[in-house]
Asks: 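My questions will all concern the structure given below.
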Amino acid sequence: MLLFTDNALSSDEAVEVITHPSTDVSYLSKNLLRSVFSMRLRTWQDGVPIRVFVLPDDAPLHSIFAKKKLNVFPYQLRSAWDRLVYSGTGQAPLVVHSEEEMREKIATTPGSIGYLNENKIDGSVQVVHINE
Amino acid sequence: MNSKKLFTRSLSSIAGLCLALITCPGFADEHSGVQILKQLQVHGFLSQGYIKTTGNNFSGHSNNSGSLDFREIGLTASLRPLPGLQLAGQLLHRRAGKGSEGGIHIDFGFLDYNFINTPTIELGIRLGRMKNPFGFYNDTRDVPFTRPSVLLPQSIYFDRTRNLALASDGAQLYGESRTNWGNITVQLEAAFPQVDDKDTEVSVFGHTTPVSGDLKSRPSYIGRILYELPDGRLRLAISSAQLNVGYNPGQNDIFESGSFRFSPLILSAQYNAEHWSITSEYALRYSRRHGFGNPRLDQSVTGESLYLQGIYRFLPGWEAVLRYDILFANRKDRSGKKFAATSGHPAHGQYARDFTAGLRWNITPSIMLSTEYHRVNGTAWLSPLDNPDISSTEKNWNLFAAQISYRF
């Protein structure tokens with residue numbers, strides 16, 4: 001049944017959270033993931049700085065990721081980042097312009113985290129499972 | 001003043017020391033130097049507005065002919081040499097009528113040290129010039145992309161006398177608790193407000209005649225508590241402050257020494273759904289003048305502000321905004337009649353009811369076009385600098401605004 005549901009989703013919607021292969025995490029809670037993508041949490045547990053990568057605000061995969069994995073809307077993320085950047089209290093995530101660039105950055109940047117369509121994922125990055 | 005100078009000096013020493021540590025070749029080898037540069041972020045924005053009004057002036061000579069005298073340009077940089085240490089600054093150029101005549105100002109510039117940052121708790125300190133944490137919008141009020149409309153609700157974020165409440169120089173303790181029930185963020189600050197400009201003189205003396213003495217920034221206190229659900233659907237905030245300003249008379253001054261205190265209390269609430277958001281903020285604004293050897297000034301007053309705003313995202317990239325915004329200069333004289341009877345000035349200068357309808361188009365994530373129409377009853381948030389003859393202002397007036405903005 002679970003398999004069937006997964007297949008019933010269009011391939012566009014099968015988004016997965018990915019990290020640099022050296023990052024010591026195999027699962028994250030939804031709240032922790034939100035802290036990471038809202039740029040509040042700055043380091044992994046081992047002290048390595050977190051590097052957040054995202055697609056542009058209007059990319060369909062960005063919207064799917066925000067809604068499905070974070071349970072927030074893309075405009076909420078944008079407002080949160082703008083509040084941090086333009087008040088000086090935080091930094092913005094790094095924007096990549098394609099899924100290929102996303103995979104390459106995540107594969108080569110220690111501490112990185114991002115997301116990809118399931119069918120674009122290969123062994124160069126690590127998939128992280130998200131708990132409710 | 002001396003204590004402020006001392007404070008500013010020690011602050012710049014701290015910042016200098018940090019920069020020295022970062023750039024010192026003995027401290028950082030070549031590789032970590034590259035790592036540090038990777039942590040440098042530069043952002044900016046640039047916008048040009050057009051404002052046309054009937055009856056009164058807003059942001060320059062906007063009456064009838066329309067005014068292009070509304071421009072905002074900002075450059076923001078942040079550097080995070082260590083995960084817990086951040087340096088951030090923003091330069092701002094703002095033209096908007098006689099209250100903001102351009103030039104380049106340090107909007108903020110501070111050092112931020114994070115003592116603790118775990119998944120559940122964060123604690124830190126900021127030293128330098130910070131934007132005052134007031135309500136939902138003050139921290140980023142000059143960045144067009146962060147505003148729901150071209151002009152922020154003027155009852156709370158008045159551009160009329162904006163500088164006193166804009167930013168302060170001092171120290172801020174901040175903390176955040178993150179749980180499954182939501183996040184609570186607290187900011188507490190002791191600081192010196194910025195008082196050396198024309199519009200603060202207007203807030204203190206209530207008129208535009210230049211005074212011969214000097215306003216002095218005095219120790220002030222600012223705080224905000226913000227609660228939001230983990231998914232950010234609901235956001236609630238309480239902000240409060242006590243901003244203190246002193247006055248040292250000049251030679252042959254008509255005023256004696258005096259003090260001015262501004263204590264706003266702001267309650268904020270917001271609900272965010274996928275296609276719409278509702279925001280409301282209510283403020284009580286207490287101000288007290290003491291001394292000055294002038295009974296007209298030596299008194300206190302509490303003003304009141306409220307707005308209700310709805311945003312509807314009807315197509316990808318498009319937003320419509322509707323807002324009703326009310327300001328009373330004195331909550332015990334909402335009609336302004338008592339004021340008119342004693343001062344001879346029009347009663348409509350004591351209140352403003354603003355109905356706004358606007359449209360915003362995010363052409364790309366970095367280019368935005370926004371436009372709006374205001375129907376206003378009352379002139380309480382009009383700048384006396386742009387409207388020097390109070391008695392000739394119109395009670396009912398219209399404002400049209402359009403703005404194009406770019407950011408990177």
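As the structure is a computational prediction, the values presented were derived from the model and not from experiment. Within every chain, numbering begins at 1; the chains are lettered A, B, ... in the order of the sequence lines, protein sequences first and strands thereafter.
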Asks: Using non-hydrogen atoms and a 4.5 Å limit, figure out which bit of T179(B) sits close to chain A: side chain, backbone, both or neither.
Replies: backbone
Asks: Between A273(B) and chain A, which part of the residue has a heavy atom less than 4.5 Å away: side chain, backbone, both or neither?
Replies: backbone
Asks: Any idea which of S79(A), A92(A), S35(A) has the most non-hydrogen atom pairs under 4.5 angstrom with chain B?
Replies: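 Highest number of heavy-atom pairs under 4.5 Å: A92(A).
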Asks: At a 4.5 Å cut-off on heavy atoms, which part of E274(B) comes close to chain A: side chain, backbone, both, or neither?
Replies: both
Asks: Between Q91(A), Q76(A), R83(A), R34(A), which residue shows the highest count of heavy-atom pairs closer than 4.5 Å to chain B?
Replies: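 Option with the top pair count is Q91(A).
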Asks: Which region of E228(B), side chain (C-beta onward) or backbone (N, CA, C, O), has a non-hydrogen atom less than 4.5 Å from a non-hydrogen atom of chain A, or is it both or neither?
Replies: side chain
Asks: How close do P119(B) and L32(A) get, counting heavy atoms only, and between which atoms?
Replies: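 In this case the closest contact between P119(B) and L32(A) is CB-CD1, 3.2 Å.
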Asks: Which one wins on heavy-atom pair count under 4.5 Å against chain A: T76(B), N272(B), N362(B), T146(B)?
Replies: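 Heavy-atom pairs under 4.5 Å are most numerous for N272(B).
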Asks: Would you indicate whether the side-chain heavy atoms of K30(A) and D231(B) approach each other to under 4.5 Å?
Replies: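 Heavy-atom side-chain distance check fails, nothing below 4.5 Å.
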Asks: Looking at chain B, which one of I50(A), D58(A), T43(A) has the largest number of heavy-atom pairs inside 4.5 Å, strictly under?
Replies: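 Looking at each of I50(A), D58(A), T43(A) in turn, D58(A) comes out on top.
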Asks: How far does CE of M130(B) sit from OG of S87(A), to the nearest 0.5 angstrom?
Replies: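 These two atoms lie 11.0 Å from each other.
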Asks: Between R235(B) and chain A, which part of the residue has a heavy atom less than 4.5 Å away: side chain, backbone, both or neither?
Replies: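 Only the side chain of R235(B) comes within 4.5 Å of chain A.
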Asks: For V85(A) and H43(B), work out which heavy atoms get closest and say how close.
Replies: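 Looking at all heavy atoms of both residues, the shortest contact is CG1-CD2, 3.6 Å.
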Asks: Considering only heavy atoms and a distance below 4.5 Å, find which of D112(B), N114(B), D142(B) pairs most often with chain A.
Replies: N114(B)
Asks: Side-chain contact, heavy-atom cut-off 4.5 Å: R40(A) with N117(B)?
Replies: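 No, side chains not in contact.
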Asks: Does a side chain donor of either T89(A) or Y174(B) reach within less than 3.5 Å of an acceptor in the other side chain?
Replies: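 Side chains of T89(A) and Y174(B): no pair found under 3.5 Å.
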Asks: I'd like to know if R407(B) and D82(A) make a salt bridge, using a cut-off of under 4.0 Å between side-chain N and carboxylate O.
Replies: yes
Asks: Quick check on F110(B) against chain A: is it the side chain, the backbone, both or neither that has a heavy atom closer than 4.5 Å?
Replies: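 Interface part for F110(B): side chain.
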Asks: Taking the six-membered ring for Trp and the single ring otherwise, decide whether the centroids of Y86(A) and F45(B) are under 6.0 Å apart.
Replies: yes
Asks: Hey, are the side chains of N180(B) and N31(A) touching, using non-hydrogen atoms and a 4.5 Å cut-off?
Replies: yes
Asks: Looking at A88(B), G74(B), S78(B), P133(B), which has the largest count of heavy-atom pairs under 4.5 Å with chain A?
Replies: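 Ranked by heavy-atom pairs under 4.5 Å with chain A, first place is S78(B).
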Asks: I'd like to know which of D107(B), T364(B), N183(B) tops the heavy-atom pair count under 4.5 Å against chain A.
Replies: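 Heavy-atom pairs under 4.5 Å are most numerous for N183(B).
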Asks: Can we say R42(A) and E176(B) salt-bridge, meaning some charged N sits less than 4.0 Å from an Asp/Glu carboxylate O?
Replies: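 No.
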